Engineer: 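Before I ask anything, let me first share the structure, which is written out below as structure tokens.
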Amino acid sequence: MRASDKPSIKYRRAKMRHMLFTSGPNRISRGRLFRKHFDKRITVKRVEIVTPLWPKEFDGIRIGHISDFHLGDLMPMERALAAVEMLKNEAPDIVACTGDVVDLNALGAEPLFEAMANMNSPLGTMLVLGNHDELDCVSTISNMALRSGISLLRDSRCTIIHNGATLHIAGIDWAKSQKKCAAKVNQVCKGETHLLLSHNPKAFSAASDCHIPLTLSGHTHGGQLALRDKPSTNLAVAHKHSSGLYNADNSRLFVSVGVGAWFPLRINCPAEVAVLTVRSA
Ligand SMILES: [Fe+2]
């Protein structure tokens with residue numbers, strides 16, 4: 001259900017796209033498209049990330065990374081909660097969600113935020129918003145996240161104290177271009193930053209310029225259609241960094257291909273939750 005009385009132009013455009021690529025074709029296929037989509041399993045991807053810039057007191061920390069639920073027609077609440085449960089079973093030290101929690105409508109997402117907040121990760125759950133979270137009502141989404149106890153980073157920072165050391169985490173709101181991402185990174189990441197959450201992976205160029213050890217992103221969905229055994233050759237052609245792990249000097253970027261979808265098809269690009277073990281040497 002929609003939260004705002006007056007849908008924005010961006011909302012109306014996204015709704016139209018949804019009808020053209022998702023709900024319309026599904027109706028024509030008499031529901032077969034959605035059924036096939038829901039038959040596909042969500043996978044757990046485990047990745048080790050090594051960078052000498054990572055603080056040694058946090059060596060071996062396990063980050064549960066989840067992104068792009070797109071709660072809505074293609075991601076019913078039960079499927080979203082099952083994905084959270086999959087990640088919870090991995091017992092990550094910290095959970096990071098990099099946005100697009102909802103696809104179109106803001107209302108009704110509370111149980112998902114509560115599940116993410118209750119994953120029992122000892123160092124908490126962090127969230128940044130994606131472009132889809134801004135389509136309906138960004139304050140409704142933000143309030144749901146905050147009420148559930150999630151640390152929502154909207155062009156802001158937080159710290160985690162562990163083993164007597166401090167991990168500095170920054171999160172930026174959605175920005176479309178590399179230039180706008182860079183402006184946000186330069187503004188928010190003044191001072192020491194170890195972990196940056198940005199829905200758009202285009203923030204990585206500025207993040208590596210600032211020597212930020214690790215950036216986590218989503219947004220691209222890995223193109224949803226990729227060449228077999230070549231996940232980076234995919235439909236997300238507007239993105240230099242679209243799937244998996246990237247290096248720039250000693251900075252690292254991990255781009256999740258997402259747990260959800262914006263159209264009901266994934267080929268050679270399975271939906272995923274990720275467990276990232278970060279090493280300092
Ligand atoms: Fe997305």
Side-chain angles (χ1 to χ4, degrees), residues 8 10-11 13-23 34 37-38 40 42-43 45 65-77 79-80 83-84 87 95-106 108-109 112-113 116 126-138 141-142 144-145 152-154 171-178 180-181 197-204 215-226 231-232 234-244 253-267 269-274:
S8 65
K10 281 185 181 174
Y11 178 97
R13 272 196 210 133
K15 180 103 183 164
M16 184 66 76
R17 230 176 11 243
H18 183 74
M19 281 160 61
L20 277 175
F21 292 102
T22 301
S23 55
F34 280 17
H37 180 71
F38 296 142
K40 291 202 173 165
I42 297 165
T43 58
K45 187 184 272 180
H65 182 202
I66 195 160
S67 197
D68 296 82
F69 285 96
H70 287 262
L71 195 65
D73 284 351
L74 289 178
M75 180 61 78
M77 183 58 79
R79 189 172 169 87
V84 171
L87 195 54
V95 174
C97 176
T98 45
D100 279 3
V101 177
V102 300
D103 189 51
L104 285 169
N105 300 328
L112 179 52
F113 287 113
M116 279 199 283
M126 319 281 149
L127 166 75
V128 288
L129 300 181
N131 49 320
H132 279 254
D133 299 316
E134 294 180 355
L135 289 173
D136 180 11
C137 180
V138 73
I141 292 280
S142 301
M144 283 180 192
L152 174 64
L153 299 173
R154 298 201 60 199
I172 59 170
D173 269 359
W174 165 252
K176 191 171 183 180
S177 67
Q178 188 169 311
K180 285 181 178 167
C181 285
L197 308 183
S198 166
H199 184 63
N200 194 341
K202 286 181 179 168
F204 184 52
T215 300
L216 302 183
S217 295
H219 183 57
T220 65
H221 299 199
Q224 293 192 205
L225 310 180
S232 55
N234 59 47
L235 266 194
V237 288
H239 286 271
K240 184 177 165 195
H241 307 109
S242 58
S243 168
L253 164 70
F254 180 78
V255 184
S256 168
V257 302
V259 73
W262 71 268
F263 60 94
L265 201 58
R266 273 190 179 269
I267 296 175
C269 182
E272 70 182 19
V273 296

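On a predicted model such as this, the values are computed, not experimentally measured, just so you know. Order of appearance sets the numbers: ligands from 1, and atoms from 1 within every ligand.
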Engineer: Going by atom types alone, do Ser67 and Thr98 pair a side-chain donor with an acceptor below 3.5 Å?
Structural biologist: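 Side chains of Ser67 and Thr98: pair found under 3.5 Å.
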Engineer: Hey, are Asp100 and His70 close enough side-chain-wise for a donor-acceptor pair under 3.5 Å?
Structural biologist: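 Yes, because at least one side-chain N or O of His70 sits under 3.5 Å from a partner of the opposite role on Asp100.
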Engineer: Got a second to check how far Cys97's SG is from Leu152's CG, nearest 0.5 Å?
Structural biologist: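 Here the rounded value is 10.0 Å.
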Engineer: Would you call the rings of Phe21 and Trp262 parallel, tilted or perpendicular if under 30° counts as parallel and over 60° as perpendicular?
Structural biologist: perpendicular
Engineer: Which N/O/S atom belongs to Asp100 and is the closest one to the Fe ion (ligand 1)?
Structural biologist: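 Looking only at N, O and S atoms of Asp100, the one nearest the Fe ion (ligand 1) is named OD2.
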Engineer: Using 2.8 Å as a strict upper limit, say whether an N, O or S atom of His221 approaches the Fe ion (ligand 1) that closely.
Structural biologist: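 Within the cut-off used here (under 2.8 Å), His221 does place an N, O or S atom near the Fe ion (ligand 1).
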Engineer: Is any N, O or S atom of His70 under 2.8 Å away from the Fe ion (ligand 1)?
Structural biologist: yes
Engineer: Just give me the atom name: the N, O or S atom of Asp68 closest to the Fe ion (ligand 1).
Structural biologist: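 That would be atom OD2.
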